[in-house]
Amino acid sequence: MSAVGAGLALCLLVAPASGATTAADETGGSVSGSGAGGWTSEAAARYWTAGRMAAAVPAGTGSGKGAAAPGEGAGAPGARATAGAARSARHFDGVPSVGVLFSVDKDARAHHCTASVVRSPHRDLILTAGHCKPGSRAAFVPQYRSGATTQPYGVWAVERGFTDPRRTDDGPGSDLDFAFATVAPDGEGRALESVTGGNILLRTPGYTTDVTVIGYPAVRDDPADQAVRCDVRTGRLTGQRQLRMECGGFYGGTSGGPWLSRFDERTRTGYVVGNIGGLNGGGPSGPDGHRTSYSPYYGSEVFRLYARAVAR
């Protein structure tokens, strides 16, 4: 797991237009926004073409869960041989309310974190990890399809992000590794949630709970470039106010992926009670780090940040 900076957490998402501003809000959350407002979902779809997504450079190791050692990606033969009887995530087609984040640093970056749609009054909110910090031209792609000419639920411009500035990579601050962001409507004026549906934000019911965890591993670690899913019972991460789950296949790129309680196979939504994140960006370091993931325990802090994100 990589370090992403110390001290006060910077804003999660920075919209691409010049004049972007950052401020601390009255609830203690950091806010970022474009100020100039030129980044629309139509612009995001024009920029993030299938060709540009395919040509995007692999994200660095600064997005949380660490990369596998050479030859140990999920698609590598050695991964299955060493996993033994341990529980492992399975590839699947994904769900509309979960997708990936693309952005531009010096170059167009391949998807580097996972995000999910959360029900909100304005129907435009996504949830991810606080350490996921896209650069400019940030976009959310629900139910991402690698190599698709058009994405099944479009490409959505990220507008404003909200994080808790007390978040750190370790210690008590890592318990606050969650963030929200608003996205712009699409070219038809529709809000994201009206297209994809959304999950209901819920306080974590306890350290031991049954969840469905969904994420998109980075292609450098999992050449299938497809969503993974694991249905698992959680425990507590000793010494932290965080959940822990044991399931292989959650490599770098899955940070921010939702932990869903009471997942409904018909609606393909559930109650989001956590996200991959926390200590060291969401799990232990080393080549076997993909087998263990952490999540912040959702309490009053996440709801204060949510209230700030939905206030207009």
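Hydrogens, waters and symmetry mates play no part in the numbers below; they use all other heavy atoms, side chains included.
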Original post:
Between E193 and S97, does a side-chain contact (heavy atoms from CB on, under 4.5 Å) hold up when you go through it step by step?
Top reply: CA-CA 8 Å; E193 188 186 321; S97 65; over 6 Å; no
Original post:
How far apart are the C-alpha atoms of R167 and D164, what are their side-chain angles, what is the distance that settles it, and do they pass the salt bridge (Lys or Arg N to Asp or Glu O under 4.0 Å) test?
Top reply: CA-CA 6 Å; R167 189 208 69 82; D164 193 311; over 6 Å; no
Original post:
What's the verdict on side-chain hydrogen bond (donor to acceptor under 3.5 Å, both in side chains) for T182 and H122, showing C-alpha distance, side-chain angles and the deciding distance?
Top reply: CA-CA 9 Å; T182 60; H122 301 283; over 6 Å; no
Subject >> salt bridge (Lys or Arg N to Asp or Glu O under 4.0 Å) assessment of R229 paired with D231 >> reply: CA-CA 7 Å; R229 166 183 173 169; D231 301 302; 3.4 Å; yes
**OP:** Could you walk me through whether L260 and V272 pass the side-chain contact (heavy atoms from CB on, under 4.5 Å) test, one step at a time?
**Re:** CA-CA 5 Å; L260 300 170; V272 60; 3.8 Å; yes
**OP:** Please report the C-alpha distance between M53 and V141 in whole Å, then the side-chain angles of each, then the deciding distance to 0.1 Å, and finally whether the side-chain contact (heavy atoms from CB on, under 4.5 Å) criterion is met.
**Re:** CA-CA 11 Å; M53 288 181 187; V141 185; 3.9 Å; yes
Original post:
Between D93 and R268, does a salt bridge (Lys or Arg N to Asp or Glu O under 4.0 Å) hold up when you go through it step by step?
Top reply: CA-CA 11 Å; D93 289 338; R268 294 186 289 177; over 6 Å; no
Subject >> L192/Y153 under side-chain contact (heavy atoms from CB on, under 4.5 Å): CA gap, chis, key distance, verdict >> reply: CA-CA 9 Å; L192 173 65; Y153 293 92; over 6 Å; no
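No donor-acceptor pair closer than 3.5 Å links the side chain of W39 to the backbone N or O of A184. Looking at Q143, its side chain never comes within 3.5 Å of a backbone N or O of V98 through a donor-acceptor pair. Although no hydrogens or angles enter the test, the distance criterion places a donor-acceptor pair under 3.5 Å between the side chain of Q151 and the main chain of R145. No side-chain donor-acceptor contact under 3.5 Å links T209 to the backbone of G206. Looking only at distances, a side-chain donor or acceptor of W48 sits under 3.5 Å from a matching main-chain atom of R137. Between the side chain of T128 and the main chain of T114, a donor-acceptor pair closer than 3.5 Å is present. Of the possible donor and acceptor atoms, none in the side chain of N280 sits under 3.5 Å from a partner among the backbone N and O of P284. Under a 3.5 Å cut-off, the side chain of H290 and the backbone N or O of G248 do not form any donor-acceptor pair. Between the side chain of T204 and the backbone N or O of V273, at least one donor-acceptor pair lies under 3.5 Å. Under a 3.5 Å cut-off, the side chain of T234 and the backbone N or O of Y207 do form a donor-acceptor pair.
Annotation: the span from E301 atom CD to D175 atom CG amounts to 8.5 Å, rounded to 0.5 Å. The OG1 atom of T254 sits 12.5 Å away from atom OH of Y216, with the distance rounded to the nearest 0.5 Å. The CG atom of L127 lies 11.5 Å from the OG atom of S120; values are rounded to the nearest 0.5 Å. The CG atom of L279 sits 4.5 Å away from atom OG of S174, with the distance rounded to the nearest 0.5 Å. Taken to the nearest 0.5 Å, the CG atom of L243 stands 11.5 Å off from the OG atom of S293. Note: F250 CZ to D222 CG = 10.5 Å, rounded to the nearest 0.5 Å.
What you find for A129 and S255 is that their closest heavy atoms are CB-C, 4.4 Å. Closest approach of L176 to R166, counting heavy atoms only: CD1-CB, 3.7 Å. Heavy atoms only, all atoms of each residue included: A115 and I126 are closest at CB-CD1, 4.2 Å. For the residue pair D177 and G281, the shortest heavy atom distance occurs at OD2-CA, 4.3 Å. Heavy atoms only, all atoms of each residue included: V155 and A139 are closest at CG1-CB, 3.8 Å. A pairwise comparison of heavy atoms in A110 and A56 identifies N-CB, 3.3 Å as the closest pair.
One hydrophobic cluster, built from ILVMFWY side chains closer than 4.5 Å, cannot hold both V219 and F92; they sit in different ones.
At least one side-chain heavy atom of V117 sits less than 4.5 Å from a side-chain heavy atom of F140. Looking at N199 and F263, their side chains never come closer than 4.5 Å, going by heavy atoms from C-beta outward. In this structure the side chain of V228 reaches within 4.5 angstrom of the side chain of P217, judged on heavy atoms. The side-chain heavy atoms of L125 and Y306, taken from C-beta on, include a pair separated by under 4.5 Å. Between M245 and V211 there is no side-chain heavy-atom pair separated by less than 4.5 Å. Here the side chains of S300 and R203 are in contact, with some heavy-atom distance below 4.5 Å. Here the side chains of P96 and P142 are not in contact, with every heavy-atom distance at 4.5 Å or above. Using a 4.5 Å heavy-atom cutoff, the side chains of F180 and L201 are in contact.
In this structure, R308 forms no cation-pi arrangement with F162, as its terminal cationic atom is not both closer than 6.0 Å to the ring centre and no more than 45° off the ring axis.
A disulfide bond (SG atoms under 2.5 Å apart) check over residues 197-236, counting only residues at least two apart or in different chains, returns the pairs C230-C247.
Ring centroids of H111 and F102 are separated by less than 6.0 Å, placing the two rings close together.
In the displayed structure, R233 atom CZ is contacted under 6.0 Å by at most 12 heavy atoms of other residues, nucleotides or ligands.
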